[in-house]
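Some notes on the structure that comes next.
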Amino acid sequence: MRSSRSPATGPAGFSLAELLVAMSLGLLLWGVVLQALVADGRQVERLVRQVRERGQQRRVLALLRGDLQRATRVDLALGTGAACALGGRDPVLQLQTPAGPITYTVGSPPSAIWRRRVLMRCGPAFGLEGEPSAGAAQNRVLLDGLSLPGLEATVEPDGLLHLRLRQEFEPSGGGTQRIETEVRVGGL
């Protein structure tokens with residue numbers, strides 16, 4: 001008697017078409033994961049820049065606040081009597097202090113190493129104890145990457161000085177990142 005069994009077949013496996021579909025789906029999944037990681041990296045880069053630049057803005061405003069506390073007179077948008085050449089930059093604040101005049105200006109950078117417009121401080125340097133020295137005035141870049149107008153200073157009706165710093169950057173992923181900090185400083 002003959003058996004009606006089919007001939008023996010090899011172990012079951014995947015066809016070439018099935019393997020190609022599985023590989024394509026796997027590559028597509030890895031592409032989505034990689035794209036998400038790159039987007040996350042860009043977001044982290046933007047956040048790190050924002051934290052770093054906000055910290056620099058806070059330090060600049062703290063320096064300005066200290067200069068204002070020592071000032072005997074404050075003039076807005078006046079640069080006459082500045083101890084340094086303004087280099088075509090626009091004066092924002094002129095402070096008269098016992099150590100000498102301090103002028104804050106916004107405009108073109110003094111060299112190509114700076115990004116965009118800069119905020120500069122022309123006034124007495126500081127000694128080792130953190131107090132203004134009696135030496136010659138120095139003109140220093142405090143902040144770069146400023147967007148228009150950069151630093152705004154206005155006197156409010158209650159006598160407080162309102163300061164606003166604005167910066168703008170082009171992150172590596174494209175687009176524009178803007179950072180702005182505002183403070184109100186003691187009575188004038």
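Keep in mind that what you see is a predicted model, and the values were worked out from it rather than measured.
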_Using the rule given for side chain to side chain contact (heavy atoms under 4.5 Å, CB included), can you reason through R184 versus E156, listing the C-alpha separation, both sets of side-chain angles and the distance that settles it, and then say yes or no?_
CA-CA 9 Å; R184 295 173 71 201; E156 296 185 345; 2.6 Å; yes
Search all heavy atoms of [X] against all heavy atoms of [Y] and return the closest pair with its distance.
| X | Y | result |
| --- | --- | --- |
| G150 | V106 | CA-CG1, 4.4 Å |
| P101 | Q96 | CB-OE1, 3.9 Å |
| P91 | T105 | CA-CG2, 3.8 Å |
| A153 | L76 | O-CD1, 3.7 Å |

*Please walk me through it: do I179 and R54 pass side chain to side chain contact (heavy atoms under 4.5 Å, CB included)?*
CA-CA 7 Å; I179 301 169; R54 280 205 191 276; 3.7 Å; yes
Validation row: [X], [Y] side chains within 4.5 angstrom (heavy atoms):
| X | Y | result |
| --- | --- | --- |
| P124 | I102 | yes |
| E170 | R115 | no |
| V74 | L93 | yes |
| R178 | Q167 | no |
| E168 | Q177 | no |
| R166 | L146 | no |
| L64 | V185 | no |
| L165 | L163 | no |

*Run the numbers on R58 and E53 for salt bridge (charged side-chain N to carboxylate O under 4.0 Å, His left out), then give the verdict.*
CA-CA 9 Å; R58 280 192 299 276; E53 297 299 335; over 6 Å; no
Going hydrophobic residue to hydrophobic residue with side-chain gaps under 4.5 angstrom, can you get from [X] over to [Y]?
| X | Y | value |
| --- | --- | --- |
| M23 | L16 | yes |
| V141 | I113 | yes |
| L151 | V183 | yes |
| L29 | L37 | no |
| V60 | V51 | no |

Let me confirm one number: the [atom1]-[atom2] distance from [X] to [Y], rounded to the nearest 0.5 Å.
| X | Y | atom1 | atom2 | answer |
| --- | --- | --- | --- | --- |
| L143 | Q56 | CG | CD | 6.0 Å |
| L95 | Y104 | CG | OH | 6.5 Å |
| S108 | R117 | OG | CZ | 7.5 Å |
| N139 | T103 | CG | OG1 | 8.5 Å |

*For side chain to side chain contact (heavy atoms under 4.5 Å, CB included), just list the numbers for R59 and Q57, CA-CA rounded to whole Å, side-chain angles, deciding distance to a tenth of an Å, and then say yes or no.*
CA-CA 5 Å; R59 283 189 293 279; Q57 286 184 3; over 6 Å; no
*Does NZ or CZ of R49 come closer than 6.0 Å to the centre of the six-membered ring of F169, within 45° of the ring's axis?*
yes
*Counting only heavy atoms not in Q35, do more than 12 sit closer than 6.0 Å to its CD atom?*
no
*asked:* Run L63 and R121 through side chain to side chain contact (heavy atoms under 4.5 Å, CB included) and show every step you take.
replied: CA-CA 10 Å; L63 173 67; R121 177 190 182 272; 3.7 Å; yes
*Check for a donor-acceptor pair, side chain of R89 on one end and backbone N or O of M120 on the other, with a separation under 3.5 Å.*
no
*Could you give me the CA-CA distance, side-chain angles and deciding distance for D75 and R73, then say whether salt bridge (charged side-chain N to carboxylate O under 4.0 Å, His left out) is met?*
CA-CA 7 Å; D75 295 308; R73 181 177 163 179; 3.1 Å; yes
